[in-house]
Amino acid sequence: MIESEMAELSKTYDPRTVEPKWYQRWIDNHDFEADANSKKKPFSIVMPPPNITGVLTLGHVLNNTIQDILARRARMQSFEVLWLPGMDHAGIGTQTAVERWLKKNEGVRRRDLGREKFLERVLEWQDKHGGIIIQQLKRLGASADWTRQRYTMDESYARAVAEVFVDLYKKKLIYRGRRMINWDPAAQTALSDEEVINKPQRGNLYYVRYEIADQPGKFLEVATTRPETIMADTGVAVHPKDKRYAKLVGKDVWRPMPREKIPVVADDAIDREFGTGILKVTPAHDTLDFEIGQRHKLPVIDVLTPDGKIDCPSVPELHGLDRFEARKTAAELLEARGLLAKAEPYENNVGFSDRSDVPIEPRLSEQWFLKYPKTKEALAVVKRHLIRFWPKHWEKVYEQWIKNIRDWCISRQVWWGHRIPAWYRNGQTKVQIKSPGEGWIQDNDTLDTWFSSWLWAYETMDEKTRKKFYPTSTLVTGPDIIFFWVARMIFAGLEYKPGKSKKTEDNIPFHNVFFTSIIRDKQGRKMSKSLGNSPDPLDLIDKYGADGLRFGLMRIAPTGQDIRFDEKQIEEGRNFATKLWNVSRFRQMHGPVSEWRDDLRVVQRTGQSPSLQLSIYAIEVLARLNETIDAIEKGYREYEFNLIAQRLYDFIWSDYCDWFVEAAKTEIFSEVESKKKSALGAMDHVLSAIVRLLHPFMPHITEELWSLLGLGTGSIQFASLPKKFALKDVDLKKRKLVAGIYETVQAGRNLRAQARIPSNQKAKFALRSKQSGLESEQETIARLLNASELIADPNFIAGAGTPIATTALGEILLIVDVDLSAERERLDREIAKVEADLRVVESKLTNKSFVDRAPRDVVELNRQRQKNFAEQLEKLKQARERL
RNA sequence: GCGCGGUUAGCUCAGUGGUAGAGCACUACCUUGACACGGUAGGGGUCAGAGGUUCGAAACCUCUACCGCGCACCA
């Protein structure tokens with residue numbers, strides 16, 4: 001329990017002291033810790049584990065703010081909340097980072113150290129430099145249960161990963177085989193298909209001449225982008241129906257270098273339109289070529305080393321060269337020998353390693369593969385909406401991937417990671433966790449990091465926790481890992497059924513998946529380290545506060561679209577926090593909060609004190625609060641966080657600050673105690689609702705205000721959400737009156753601005769209105785108009801040239817000496833405008849189809865408008881005539 | 001090639017059949033008793049284009065253009 005502190009609010013809000021203070025208290029109070037024995041309904045989220053080497057990016061901020069919002073909202077709704085955090089060991093990434101660090105600081109390479117020593121150094125490095133991101137997430141205000149923090153390399157977790165491997169092997173879903181895989185020559189490991197990204201690359205298409213063996217002097221031209229792999233050609237292929245080359249099939253041609261006879265084969269896979277319609281078949285270095293090679297029993301010659309250099313001693317000019325260097329040299333060699341017909345500029349797609357950003361090499365290699373389990377079921381649970389994707393359109397992307405799914409290459413030639421539990425001796429293989437004994441050597445490879453991540457949704461929980469919190473409620477993640485992680489977690493959940501029963505709905509890993517937007521810079525480029533266009537969120541927190549950053553980001557985070565990031569938007573978040581702070585300060589200047597802040601109906605009901613009624617402005621702001629509450633609820637249901645933020649922003653800034661507080665000043669500064677009390681009570685009620693509704697987005701400032709103003713006992717974190725205020729039928733009339741008053745005020749201010757009366761100068765107004773109930777509101781209208789005097793007289797006679805505007809209430813006049821011609825012009829403009837409006841409405845109403853077929857309320861609305869416009873026009877014309 | 005988004009004010013974006021909106025930027029006035037990280041008022045849009053459905057389209061349908069993403073191709 002936190003004691004409320006009625007200290008005076010300082011002039012400016014200082015997030016730098018307030019935010020860490022509250023975060024520490026929340027931690028000290030164990031507020032984020034989940035109780036698996038709780039009787040409350042569960043709400044759970046597993047945090048997508050950031051890499052242990054990672055530092056906080058704006059993407060993390062967005063992601064974790066959303067999770068925090070959901071967790072905090074759920075706590076206020078009396079759910080038992082588990083937000084389970086953790087980190088990922090990120091095999092390749094961490095290994096690369098540590099290697100780089102060792103090289104820079106100690107000049108040591110991984111292979112110099114050897115596997116054991118290197119892994120020791122990784123652990124050392126990890127203790128010293130790893131996990132910074134966790135501290136950064138705390139600075140953001142993330143309410144995760146840090147006592148349950150997990151790591152993919154935790155002993156029990158690692159064991160589970162190995163057990164899953166063994167199990168899937170036994171089920172014959174995991175197998176080892178020699179196949180074409182994606183090879184990353186920089187990281188020197190195999191990759192999965194998902195880790196390869198295609199990029200268009202500019203290069204050349206080389207037309208190479210292959211001499212026909214039995215027709216010396218006659219050549220075939222073969223188009224290729226990769227002349228450096230010619231040495232690995234073991235055939236050329238044409239389409240079986242290609243008449244141009246039909247006679248050559250079965251014959252041999254001379255491979256240019258090293259000169260050797262290779263056969264011409266016919267294969268359906270050949271595109272007759274491409275190049276010359278002849279393909280050089282290089283089975284070792286291309287997936288399609290490999291398949292063709294298999295079909296025609298062509299030998300496989302590998303001419304590349306694992307790090308992407310040419311390995312071909314018989315062509316010494318190329319041997320040892322880097323593959324890209326060799327491409328140029330090979331072209332030159334061919335040209336020098338007269339074997340290059342031409343080279344033309346050409347753009348094609350090249351697969352790049354997602355991690356190393358170098359072109360991958362298709363390579364024949366012995367690797368472990370997984371045949372995915374439960375793919376059909378995984379598709380079904382999404383299609384049947386047992387798992388809902390938000391926004392929905394990701395379902396289609398997911399479906400497309402699953403339908404074209406191919407086996408997953410899960411072994412990595414990396415030391416850092418979960419070592420594959422396979423053992424070899426004399427050509428025998430055993431798959432088990434412990435060594436089978438003397439002479440058995442464990443597989444050197446480790447598992448793809450995602451092979452451990454796919455168990456994250458349940459392997460991070462012990463049995464009791466799982467019983468309470470699995471399946472999790474919502475997963476919040478970026479759409480870029482829908483295949484890497486989301487889909488695979490669904491497979492794992494369905495395969496291993498960690499839920500409380502064997503029913504499908506108890507074993508899906510989550511009920512909802514919210515895919516966040518991707519943050520781009522102002523130019524629309526992806527945030528990246530190399531571009532240096534990614535601001536450090538910690539700098540932003542220092543400048544604008546964590547709450548400012550969170551709110552600013554959430555207000556612009558659309559669903560299913562990219563966000564263009566602009567620091568201005570974070571500044572707005574900070575400004576909003578300041579606004580809230582100041583309007584709270586205003587309240588606090590007028591004494592302690594009312595005891596009936598939670599239930600204003602008490603005020604309405606106080607038959608004991610009839611004068612303690614809610615003002616019409618209070619009714620209006622309460623009605624708008626109701627609308628806001630509804631809109632927010634809908635926003636949470638649909639995962640539209642930008643909408644929620646926007647509604648809160650509008651309500652607080654416009655409805656509450658600009659209108660209600662300004663209007664309520666009449667009563668607050670009034671001598672009549674009951675009026676003052678009523679206004680302050682309404683304020684307290686609304687303020688209390690505001691901070692609670694805002695708390696998930698801006699946890700620190702709202703907790704500070706909750707406490708400083710004494711709005712409730714205990715932490716705001718567990719306060720219940722505000723309920724809607726019960727409005728009566730008569731309140732509708734009051735709202736109408738308020739709408740008229742506000743409209744009149746705006747019209748009056750407009751007159752004043754047009755008459756160029758400075759803002760700080762009080763002006764005299766007159767109001768011609770037959771509206772009842774206005775007498776008591778005169779003072780407030782005058783205040784809002786900054787009027788020296790407001791003459792309320794339905795029959796007020798104004799002098800010629802008096803600026804006038806018509807509103808729902810009647811007419812508002814600015815009593816001032818003006819230039820008649822200017823006022824004439826102004827009125828003429830106004831008349832023209834209203835006439836145009838009137839024409840539009842009348843054309844609608846004379847349209848029989850419209851009147852017959854449009855909904856009645858729409859027609860009615862237009863009739864009303866016609867009447868209003870006509871009246872307005874009449875009055876304006878009268879005013880014009882008097883000039 | 002297939003699929004998915006998007007195109008609304010100078011900028012960033014709301015707006016899914018009924019009077020085109022917000023914030024920023026801009027202009028004018030203003031340190032007035034919460035706030036200049038502020039207040040008040042204002043200017044600014046043939047809603048990418050064409051066609052269709054409809055009494056009525058920014059919204060629904062079709063096509064086109066451009067931007068982005070995914071998958072496939074990638075000799």
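Labels below follow one simple rule: chain letters A, B, ... track the order of the sequence lines, proteins then strands, and each chain is numbered from 1. Since this is a predicted model, take the numbers as computed values, not measurements.
- Proximity of a side-chain donor or acceptor of A:Arg323 to a complementary backbone N or O of A:Thr229 within less than 3.5 Å is not detected.
- Taking atom CZ on A:Phe669 and atom P on B:rU32, their separation rounds to 14 Å, with Å as the unit.
- Distance A:Phe483 CZ to B:rC71 C1': 7 Å, rounded to the nearest Å.
- The base-pairing partner of B:rU27, taking Watson-Crick or G-U wobble contacts with both distances under 3.5 Å, is B:rA41.
- Atom P of nucleotide B:rU31 and atom CG of A:Asn582 are separated by 19 Å, given to the nearest angstrom.
- Closest to the side chain of A:Trp653, out of B:rC37, B:rG39, B:rA41, is B:rG39.
- With sequence neighbours left out, the side-chain contact (heavy atoms from CB on, under 4.5 Å) criterion links A:Glu667 to A:Ser615, A:Lys675, A:Ala679.
- Atom C1' of B:rU40 sits at a distance of 43 Å from the matching atom of B:rU54, rounded to the whole Å.
- Comparing the P positions of B:rA9 and B:rA34 gives a spacing of 38 Å, expressed to the nearest Å.
- Between A:Met683 and A:His590 the shortest side-chain heavy-atom distance does not fall below 4.5 Å.
- Nearer the 5' end of RNA chain B, as judged by each residue's closest nucleotide, is the contact made by A:Leu643, out of A:Leu643 and A:Asn750.
- Distance A:Phe352 CZ to B:rG70 C1': 18 Å, rounded to the nearest Å.
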Could you run down the sub-3.5 Å N/O contacts of the protein with nucleotides 1-4 of chain B?
{"unit_1": "B:rC4", "atom_1": "OP1", "unit_2": "A:Lys396", "atom_2": "NZ", "d": "3.2"}

Item to check | salt bridge (charged side-chain N to carboxylate O under 4.0 Å, His left out) assessment of A:Glu779 paired with A:Arg783 | outcome: CA-CA 6 Å; A:Glu779 193 185 342; A:Arg783 168 183 295 278; 5.1 Å; no
Would you mind writing out the side-chain donor-acceptor pairs for residues 542-553 of chain A within the sub-3.5 Å range, not counting sequence neighbours?
{"unit_1": "A:Lys543", "atom_1": "NZ", "unit_2": "A:Glu567", "atom_2": "OE2", "d": "2.6"}
{"unit_1": "A:Tyr544", "atom_1": "OH", "unit_2": "A:Glu567", "atom_2": "OE2", "d": "2.7"}
{"unit_1": "A:Asp547", "atom_1": "OD1", "unit_2": "A:His700", "atom_2": "N", "d": "3.4"}
{"unit_1": "A:Asp547", "atom_1": "OD1", "unit_2": "A:His700", "atom_2": "ND1", "d": "2.8"}
{"unit_1": "A:Asp547", "atom_1": "OD2", "unit_2": "A:His700", "atom_2": "N", "d": "3.2"}
{"unit_1": "A:Asp547", "atom_1": "OD2", "unit_2": "A:Ile701", "atom_2": "N", "d": "2.7"}
{"unit_1": "A:Arg550", "atom_1": "NE", "unit_2": "A:Phe697", "atom_2": "O", "d": "2.9"}
{"unit_1": "A:Arg550", "atom_1": "NH1", "unit_2": "A:Asp68", "atom_2": "OD2", "d": "2.7"}
{"unit_1": "A:Arg550", "atom_1": "NH1", "unit_2": "A:Leu140", "atom_2": "O", "d": "3.1"}
{"unit_1": "A:Arg550", "atom_1": "NH2", "unit_2": "A:Asp68", "atom_2": "OD2", "d": "2.8"}
{"unit_1": "A:Arg550", "atom_1": "NH2", "unit_2": "A:Pro696", "atom_2": "O", "d": "2.8"}

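- For the residue pair A:Gln746/A:Asn750, the side-chain donor-acceptor check at 3.5 Å is not satisfied.
- Rounded to a whole angstrom, the distance from the P atom of B:rU7 to that of B:rG49 is 13 Å.
- Legend: residues meeting salt bridge (Lys or Arg N to Asp or Glu O under 4.0 Å) with A:Glu638, ordered by chain and number and at least two apart, are absent.
- With B:rC37, B:rC74, B:rC29 as the choices, the nucleotide that has an atom nearest any side-chain atom of A:Ser759 turns out to be B:rC29.
- Note on A:Gln761: every side-chain N or O is 4.0 Å or more away from OP1 and OP2 of B:rC30.
- Between A:Lys199 and B:rC74 there is no side-chain N or O to OP1 or OP2 distance below 4.0 Å.
- Environment of NZ in A:Lys848: sparse, with no more than 12 heavy atoms of neighbouring residues, nucleotides or ligands closer than 6.0 Å.
- Across all strands shown, B:rA14 remains unpaired; no Watson-Crick or G-U wobble contact has both distances below 3.5 Å.
- One side chain, A:Lys280 or A:Thr282, offers a donor N or O that lies under 3.5 Å from an acceptor on the other.
- Across all strands shown, B:rU54 forms no Watson-Crick or G-U wobble pair with both key distances under 3.5 Å.
- Comparing A:Lys665 and A:Gln754 by the nucleotide of RNA chain B that holds the closest heavy atom to each, the one mapping nearer the 5' end is A:Lys665.
- Between the C1' atoms of B:rC26 and B:rU12, the separation comes to 16 Å (whole Å).
- Following rounding to the nearest Å, A:Arg752 (CZ) and B:rU32 (C1') show an atom-to-atom distance of 11 Å.
- At the heavy-atom level, A:Arg272 lies nowhere under 4.0 Å from the strands shown.
- Pairing of B:rG33, defined by two Watson-Crick or G-U wobble distances under 3.5 Å, is not identified with any nucleotide.
- Looking at A:Tyr13 and A:Asn582, their side chains never bring a donor and an acceptor atom within 3.5 Å of each other.
- The distance between atom CD1 of A:Ile518 and atom P of B:rC67, rounded to the nearest whole Å, is 19 Å.
- Between B:rA22 and B:rA41, the two P atoms lie 12 Å apart (nearest whole Å).
- At the phosphate of B:rA72, neither OP1 nor OP2 sits under 4.0 Å from any side-chain N or O atom of A:Asn404.
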Checklist entry - Can you give one letter per nucleotide of nucleotides 17-28 of chain B, 5' to 3': B if a protein heavy atom sits under 4.0 Å from the base, S if only from the sugar-phosphate, - if neither? => result -BB--SSS---S
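- Pairing of B:rC73, defined by two Watson-Crick or G-U wobble distances under 3.5 Å, is not identified with any nucleotide.
- Side-chain to base pairing of A:Glu662 with B:rA34: one donor and one acceptor N or O lie within less than 3.5 Å of each other.
- OP1 or OP2 of B:rC29 has not a single side-chain nitrogen or oxygen of A:Asn760 nearer than 4.0 Å.
- Using a 4.0 Å heavy-atom distance criterion, A:Arg749 is classed as a sugar-phosphate-only contact.
- Here, B:rU32 and B:rG39 have their P atoms 15 Å apart, quoted to the whole Å.
- As rounded to whole Å, 18 Å separates atom P of B:rA72 from atom CG of A:Asp271.
- Taking atom P in both B:rG3 and B:rG15, the straight-line distance is 26 Å, to the nearest Å.
- In summary, the side chains of A:Arg202 and A:Tyr346 do not present any donor paired with an acceptor at a separation below 3.5 Å, with no hydrogens or angles considered.
- Residue contacts shown for A:Ile482 are absent, as no nucleic acid heavy atom lies under 4.0 Å away.
- B:rC37 sits 39 Å from B:rC69 when the P atoms are compared, rounded to a whole Å.
- Taking the ring centre of A:Phe669 as origin, the terminal cationic atom of A:Lys676 falls outside the region bounded by 6.0 Å and 45° from the ring axis.
- A:Val593 approaches A:Arg587 most closely through the heavy-atom pair CA-NH2, 3.3 Å.
- Across the strands present, B:rC4 finds its partner in B:rG68; the criterion is a Watson-Crick or G-U wobble pair with both atom distances under 3.5 angstrom.
- Under a 3.5 Å cut-off, the side chain of A:Asn786 and the backbone N or O of A:Ala782 do not form any donor-acceptor pair.
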Under 3.5 Å, N/O pairs linking protein and nucleotides 58-62 of chain B:
none

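- Distance, A:Trp581 CH2 to B:rA34 C1': 12 Å, rounded to whole Å.
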Next on the checklist: Run the side-chain hydrogen bond (donor to acceptor under 3.5 Å, both in side chains) test on A:His296 and A:Asp267 for me, step by step, so that the C-alpha distance in whole Å, both residues' side-chain angles and the decisive distance to 0.1 Å come before the verdict.
Outcome noted: CA-CA 9 Å; A:His296 301 279; A:Asp267 196 286; 2.9 Å; yes
